[in-house]
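What follows is a set of notes on a single structure, which appears directly below.
Note that the coordinates shown come from a computational prediction; the quantities given were computed from them, not determined experimentally. Remember, it's 1-based here, ligands and their atoms both numbered in the order they're listed.
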Amino acid sequence: MPRLRVRHVAVCAVLIVFLYYVLPDEPTTYIHHEPRDGEQNTAALARYMNAPGAPITATKSSFAWNTVEFTYPPPLTPKIPPPVAKRPRIQHRFWKDSKAKAAVQEQRRLAVKKVFEKSWGSYKKHAWMKDALKPISGEYVDQFSGWAATLVDSLDTLWMMGMREEFHKAVAAVATIDFGESTSARVNTFETCIRYLGGLLAAYDLSGSEVLKRKAIEVGDLLYAGFNTPNGMPVDFISFEEAKLGGGLQVESSVVSASPGTITLEFSRLSQITGDSKYYAAVSQVMDVFHKHQNETLLPGMWPMMVSMRDKNVVSGYQFTIAGNADSLYEYLPKAHALLGSEDPSSAKYETMSKTFMDTASKHLFFRPMVPNNEDILISGNCDVLDSGPRLDPESEHLSCFIGGLFALGGRLFQNESYVETGAKLARGCAYAYKSMPTGIMPERYNMIICPDQSACTWDEEVWEAGRKKRPENKPHLPKGFTTAKDPRYILRPEAIESIFVLWRITGDEAFREIAWEMFEAVAKATDTPLANAAIDDVTVLNSKKTDYMESFWMAETLKYFYLCFADPDLISLDEFVLNTEAHPLRLSANGPPSVHSR
Ligand SMILES: *[C@@H]1O[C@H](CO)[C@@H](O)[C@H](O)[C@H]1NC(C)=O
Ligand SMILES: *[C@@H]1O[C@H](CO)[C@@H](O)[C@H](O)[C@H]1NC(C)=O
């Protein structure tokens with residue numbers, strides 16, 4: 001026996017010496033198979049940049065948004081902080097996959113790409129330059145001002161999947177978009193920011209194409225015109241023609257909190273790449289309001305779902321959630337910290353706001369549900385603060401599934417593994433909801449039962465039955481553990497795979513990559529149409545009816561996250577990019593244009 005132990009020690013010593021030499025101190029990337037056309041790598045980037053062909057130039061929009069004379073000019077300070085010098089490591093240190101494993105991942109990567117190519121091909125054929133393809137009829141809709149939302153939203157996915165020729169054609173088309181005209185008289189600030197501005201910035205950050213930068217500035221200036229208001233707070237909807245006149249806009253009296261809260265990343269990145277602090281200064285003012293009042297609400301640490309930017313009132317209201325209507329307000333706090341750092345006083349607030357909200361959400365919104373196999377998972381519910389105090393409502397929705405990935409990211413950014421662990425449980429909670437349903441996809445909105453004992457949960461069928469019967473929306477065929485599928489649709493949303501992707505990249509735990517594949521197979525199968533993919537009406541039954549609807553986030557987010565789960569972990573490394581709420585990667589740190597640039 002002792003000999004054995006000695007040998008053990010010797011083996012360990014050799015291993016330690018080996019690891020010491022192999023593991024670098026600084027983040028390094030491991031390419032686990034040969035670079036392919038499908039991946040952004042320096043060689044491919046250089047090849048593309050040196051490719052012959054006439055440079056694409058941007059056609060100016062019919063109205064120059066940078067010429068609006070503001071009645072209420074927003075402040076021009078604070079200045080955008082200098083680049084962040086050092087960040088903690090975010091991604092797991094990946095090792096090369098074995099040959100057999102790499103072959104499996106490669107097949108999966110190509111399977112995702114194939115689904116994307118089909119949707120993209122049909123968009124091109126039937127809805128080119130329109131906002132969205134209708135995937136059953138082959139018709140189209142313009143619901144986001146008619147600036148080719150799906151095209152702009154898909155640019156960076158085309159790049160990542162190595163579809164460079166398609167990318168070129170798309171950039172040439174983007175060059176002709178006229179942001180001086182809109183199909184709707186009122187332009188949605190939030191959607192325009194996350195889809196158009198986010199899409200253009202990310203595609204610029206990946207390719208360095210000047211056309212994309214020009215167009216990003218045009219949209220940025222259009223959105224900036226939404227800050228021409230008496231108190232400097234942005235409007236939720238920009239009255240398009242009125243905004244051009246510069247006389248000032250009326251801020252709405254009540255908006256969902258996600259709307260003013262989801263501009264920080266895009267405006268900060270725009271300031272970084274243009275060197276013009278005005279965008280950052282404008283949005284900084286908005287986030288100052290949220291910062292100042294964060295602890296004065298009925299649930300200190302979070303803000304109510306509805307806020308009044310007209311009155312700068314972000315404290316009245318009793319409904320709290322990290323799901324729809326509020327989601328990306330919270331999402332952008334740790335992400336703004338990743339982009340801007342905390343060295344500068346004007347951006348230090350994001351770290352405080354992040355940790356404060358994460359602790360409040362952990363305490364008041366997350367719960368362990370009672371499920372048949374007693375899995376240790378977390379679900380994010382809603383919290384109403386009544387006279388009797390905070391009351392947790394165990395209702396959740398697909399939109400809230402981003403929160404697992406966000407906690408994991410926050411854990412790495414703030415170097416607190418307990419957030420990563422919470423994030424993993426939340427991500428597995430959504431995965432549980434997926435695999436429980438006959439289609440393998442979770443519903444848009446549903447209810448579960450809160451475990452009376454959060455640390456040691458034991459399944460009690462009677463408790464579940466009783467809870468189920470109390471719900472008027474209850475249906476007898478629902479899987480055990482669920483008391484409703486209040487909204488049983490799946491509309492091609494990305495949030496669950498988003499968190500699985502982030503957890504995979506952060507922990508390197510193979511289980512997440514396997515979950516990703518199960519989810520992909522389920523989603524691809526249930527949503528497939530002859531042309532593309534469509535929303536389905538009911539995930540709780542097989543062969544559900546479909547709806548003629550395919551949002552631009554299908555190709556911008558859902559398929560991108562699936563693809564990235566099976567691609568090299570250094571493609572869009574979380575140490576190099578932060579993703580906006582539409583899955584558009586913004587480059588971290590670099591203040592100028594991307595390192596390789598031309599055109
Ligand atoms: C809010 O409270 C947290 C502690 O819970 C604290 O760290 C933070 O600084 C407070 N925020 C403000 C703006 O006072
Ligand atoms: C990490 O976060 C948890 C809350 O999830 C908190 O209780 C703990 O104090 C934090 N640890 C450190 C070292 O900040």
Query - pair Glu510-Trp504: side-chain heavy atoms closer than 4.5 Å - result: yes

Query raised in the report: Are side-chain heavy atoms of Leu559 and Phe520 found at a separation under 4.5 Å?
Result: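 A side-chain contact exists here, since the closest heavy-atom pair is under 4.5 Å.
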
Query raised in the report: Salt bridge or not for Asp236 and Arg310, using N-O below 4.0 Å?
Result: no

**Report entry** Single hit among Glu397, Glu444, Glu395 for side-chain hydrogen bond (donor to acceptor under 3.5 Å, both in side chains) with Lys486
**Finding:** Glu395

Query raised in the report: Which of these, Arg412, Glu576, Arg505, sits in a side-chain hydrogen bond (donor to acceptor under 3.5 Å, both in side chains) with Gln91?
Result: Arg505

Query - Ring centroid separation Phe290 to Phe357 under 6.0 Å - result: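 Centroid distance Phe290-Phe357: not below 6.0 Å, so no.
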
Query raised in the report: Just heavy atoms, cut-off under 4.0 Å: does Phe414 contact ligand 2 by side chain, backbone, both, or neither?
Result: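 It is neither part, as no heavy atom is under 4.0 Å.
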
Report task. Would you please write out the protein residues whose heavy atoms approach any atom of ligand 1 to under 4.0 angstrom, listed by chain and number? Result ->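 Correct list: His291, Asn295, Thr352, Thr356.
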
Requested in this report: Below 4.0 angstrom from a heavy atom of Ser418, which ligand 2 atoms are there? Numbered from 1 as shown, please.
Outcome: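 Here the atoms of ligand 2 in question are 1 (C), 2 (O), 3 (C), 4 (C), 5 (O).
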
Query raised in the report: Which atom pair, heavy atoms only, marks the closest approach of Leu571 to Leu564?
Result: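 It is CD2-CD2, 3.6 Å.
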
